[in-house]
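Excluded from the calculations below are hydrogen atoms, water molecules and symmetry mates; all remaining heavy atoms, backbone and side chain alike, are included. Predicted, not measured: the structure shown is a model, and the values here were computed from it.
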Amino acid sequence: MNMDAMATLPHRLPRKKSGSALERAETTLLLASGMCATTTMMLALVPAGGHIITTTDCYRRTRQFIQTVLPKMGITATVIDPADIDSLEMALEQNNVSLFFSESPTNPYLRCIDIELVSKLCHKKGVLVCIDCTFATPVNQKALALGADIVLHSVTKYIAGHNDVLAGSLSGSNKVIGTVRALHNVLGGVLSPNAAYLILRGIKTLHLRVQQQNSTALRIARTLEAHPKVSRVHYPGLESHPEHHIAKRQMSGYGGVVSFEIAGDLQATSRFIDSLKIPYIAPSLGGCESLVEQPTIISYWDQSSEERARLGIKDNLVRFSCGVEAFDDIQSDILQALEAV
C-alpha cells in the first residue's frame, strides 16, 4: 500500500467517534505521534522568517524544536509566562507573528492559558492560535469553542488511554487543517491502521476514564496540599493555583495529572518515588495505570543543574498521573511512600 493510500486510512474513522466530533471541529488530522503533529503543524503554518509566540512551561521536545530547529529556517520565537498578557500584547505589536502556541494546562506545572482572551488578542493581528489540550482532554476543555483555531493532542495519552499507542491529532477548520494535511502527505508520519483501531477502542471509554481521573486527582491534590512533607502542589483545581479562576471558567474538570514538590532534596524525592507500589515509573501519562516521574531524573536527566534551574525544573518535583485505580488505594500508597521522606 502506498503512502497516499495509507494517509487516508485514519480519516475513515467513524465520524461520531473521531477527534472532530470530540472537539466539535470541521476536520481532524491524525498523525504518528504528538510531536509529529506539533512539528508538522508549525512547519506548515509558519513561513520562513516568521515568528512564534509560546510559553515558558511546556513539553521539553516542543521547546527544543522551537529553539533549535525552527531557527534554521529563520523562524524566531518570543517566550512569555502563560499569564503575562502584557508581554503577549507587546510581542504581537513588535513582531510579524504567525502563530501562538501553548499547552493548557502546561507540562509539568499545569499553568492555564486564558484561551478566550489570548485568541481575541491574536486574531486582531491575524495570528493563528494553537492550543495543546493533551492534559485537559476534550472531555474537560473545548478550546475551539473558546476561540482557538487549532487543538492539538498527543493521542498517545488520554484519548487512546491504554499506554499502548503512539499518535497525535490536530483539529480545526478545513482551511487550516488542510494546509497542514498537505505537508503531512509530503513528510509522512502516517498513523497505522492498527493504531487507528486502538484509538477507537480508547475513545469508547474516554469520558468514563477522565471523570474518574478528574475526581481522583483533585482529591489527591487536596491530600498532598495538607501534608507536611509536601511543600507545594500544582493543580488547577486548587484555589492556590495561580490560574484557578481561569481553569474554573474554561474547564469542566481539571485533569488527572498532579505535580507537587516534596519537602526535601533530590534523594528524598527519589526515596518517595521508589517507595510507591501502585504507579509505574514512566515519563508518560493519561493511561489506565497510574504513572509517576521525577522530571529531573527521567525527562531532564541529560541537562545540567544550571539548565534545569533556568527551565524551572526542580530536584524535588514529582509529576503523578492518576490512573483508574480506586482513590483510596492511590491515596494510601502515596501516604505510605511519604513516610520514606
Side-chain angles (χ1 to χ4, degrees), residues 55-59 81-83 103-113 134-137 140-141 158 210 212-276 278-279 281 283 285-286 290-300 308-309 311-323 325 327-341:
T55 51
T56 50
D57 194 33
C58 73
Y59 178 52
D81 183 90
E103 302 157 7
S104 188
T106 62
N107 181 18
Y109 285 108
L110 304 168
R111 301 290 302 278
C112 294
I113 300 294
T134 298
F135 276 48
T137 80
N140 290 328
Q141 184 169 270
Y158 286 100
V210 171
Q212 172 73 9
Q213 289 161 319
N214 285 343
S215 174
T216 297
L218 179 58
R219 296 169 72 186
I220 290 296
R222 289 171 174 162
T223 297
L224 291 167
E225 193 170 47
H227 201 284
K229 292 187 178 180
V230 175
S231 59
R232 187 173 181 183
V233 181
H234 305 271
Y235 187 71
L238 296 177
E239 292 185 0
S240 58
H241 188 278
E243 285 88 46
H244 174 69
H245 61 293
I246 295 174
K248 189 175 181 179
R249 184 175 69 245
Q250 68 186 23
M251 301 178 75
S252 59
Y254 303 110
V257 175
V258 182
S259 293
F260 54 98
E261 298 168 34
I262 295 294
D265 57 11
L266 177 72
Q267 288 71 32
T269 305
S270 294
R271 287 197 301 274
F272 166 75
I273 297 283
D274 291 340
S275 297
L276 290 166
I278 290 177
I281 300 175
L285 58 106
S290 291
L291 301 178
V292 67
E293 76 153 327
Q294 189 174 356
T296 293
I297 292 175
I298 294 182
S299 298
Y300 291 83
R308 290 196 301 270
L311 297 172
I313 303 301
K314 301 178 181 179
D315 287 349
N316 64 341
L317 179 66
V318 175
R319 193 187 73 184
F320 195 104
S321 172
C322 297
E325 304 94 346
F327 162 74
D328 289 342
D329 292 340
I330 295 176
Q331 182 190 49
S332 296
D333 191 29
I334 289 175
L335 290 176
Q336 68 82 22
L338 284 169
E339 294 302 313
V341 175

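Between Gln294 and Ile273, the shortest heavy-atom contact is OE1-CG1, 4.1 Å. Here the shortest heavy-atom pairing between Ile330 and Ile278 reads N-CD1, 4.0 Å. When every heavy atom of Phe135 is checked against every heavy atom of Arg319, the shortest pair comes out as CZ-NH1, 4.1 Å. Taking every heavy atom of both residues into account, Glu325 and Gln212 meet most closely at O-NE2, 3.4 Å. For the residue pair Pro82 and Ile113, the shortest heavy atom distance occurs at O-CD1, 3.5 Å. Looking at every heavy atom in both residues, Gly237 comes nearest to His244 through O-CE1, 3.4 Å.
In this structure, the side chain of Gln213 engages the main chain of Cys322 through a donor-acceptor pair within 3.5 Å. Formation of a donor-acceptor pair under 3.5 Å by the Asn107 side chain with backbone atoms of Cys58 is not found in this model. No side-chain donor-acceptor contact under 3.5 Å links Thr269 to the backbone of Ile262. At distances below 3.5 Å, not a single donor-acceptor pair connects side-chain atoms of Asn214 with backbone N or O atoms of Gly253. Although no hydrogens or angles enter the test, the distance criterion places a donor-acceptor pair under 3.5 Å between the side chain of Tyr158 and the main chain of Gly256. Remark: side-chain polar atoms of Gln250 are not paired, donor with acceptor, to backbone N or O of Ala247 under 3.5 angstrom. In this structure a side-chain-to-backbone donor-acceptor pair under 3.5 Å is present from His241 to Leu110. A donor-acceptor distance shorter than 3.5 angstrom exists from the side chain of Glu103 to the backbone of Tyr59, with no hydrogens or angles considered. Under a 3.5 Å cut-off, the side chain of Glu225 and the backbone N or O of Ser240 do not form any donor-acceptor pair.
Taking the centre of each ring, Phe260 and Phe272 come in below the 6.0 Å mark.
Checked options Ser252, Pro105, Pro236; the residue passing with Asn140 is Ser252 (criterion: side chain to side chain contact (heavy atoms under 4.5 Å, CB included)).
Within the 4.5 Å cutoff, side-chain heavy atoms of Asp333 are placed close to those of Pro279. With contacts defined as side-chain heavy-atom distances shorter than 4.5 Å, the pair Val230/Val318 does not qualify.
Note that OG of Ser290 is 11.5 Å distant from CG of Leu285, once rounded to the nearest 0.5 Å. Considering CD1 of Ile334 and OG of Ser275, their distance stands at 12.5 Å, rounded to 0.5 Å. With rounding to the nearest 0.5 angstrom, the CD1 atom of Ile313 is 7.0 Å from the OG1 atom of Thr296. If you take CD on Glu243 and OG1 on Thr106, they are separated by 8.0 Å, rounding to the nearest 0.5 Å. Taking CD of Gln331 as the reference point, atom OG1 of Thr223 lies at 4.0 Å (rounded to 0.5 Å). Annotation: the span from Leu291 atom CG to Ile281 atom CD1 amounts to 10.5 Å, rounded to 0.5 Å.
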Under the side chain to side chain contact (heavy atoms under 4.5 Å, CB included) criterion, do Leu276 and Phe320 qualify, and how do the steps go?
-> CA-CA 11 Å; Leu276 290 166; Phe320 195 104; 4.3 Å; yes
Begin with the C-alpha distance, continue with both residues' side-chain angles, and end with the deciding distance and a verdict on side chain to side chain contact (heavy atoms under 4.5 Å, CB included) for Tyr235 and Ile220.
-> CA-CA 10 Å; Tyr235 187 71; Ile220 290 296; over 6 Å; no
Please assess His227 against Val233 for the test side chain to side chain contact (heavy atoms under 4.5 Å, CB included), listing each intermediate value before the final yes or no.
-> CA-CA 10 Å; His227 201 284; Val233 181; over 6 Å; no
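Residue pairs meeting the salt bridge (Lys or Arg N to Asp or Glu O under 4.0 Å) criterion with at least one partner in residues 254-276, sequence neighbours excluded, are Glu261-Lys314.
Under a cut-off of 6.0 angstrom, the local environment of NZ in Lys229 is crowded, with over 12 non-hydrogen atoms contributed by other residues, nucleotides or ligands.
Annotation: cation-pi geometry satisfied between Arg219 and Phe327 (NZ/CZ under 6.0 angstrom from ring centroid, within 45° of ring axis).
With sequence neighbours left out, the salt bridge (charged side-chain N to carboxylate O under 4.0 Å, His left out) criterion links Arg249 to Asp114.
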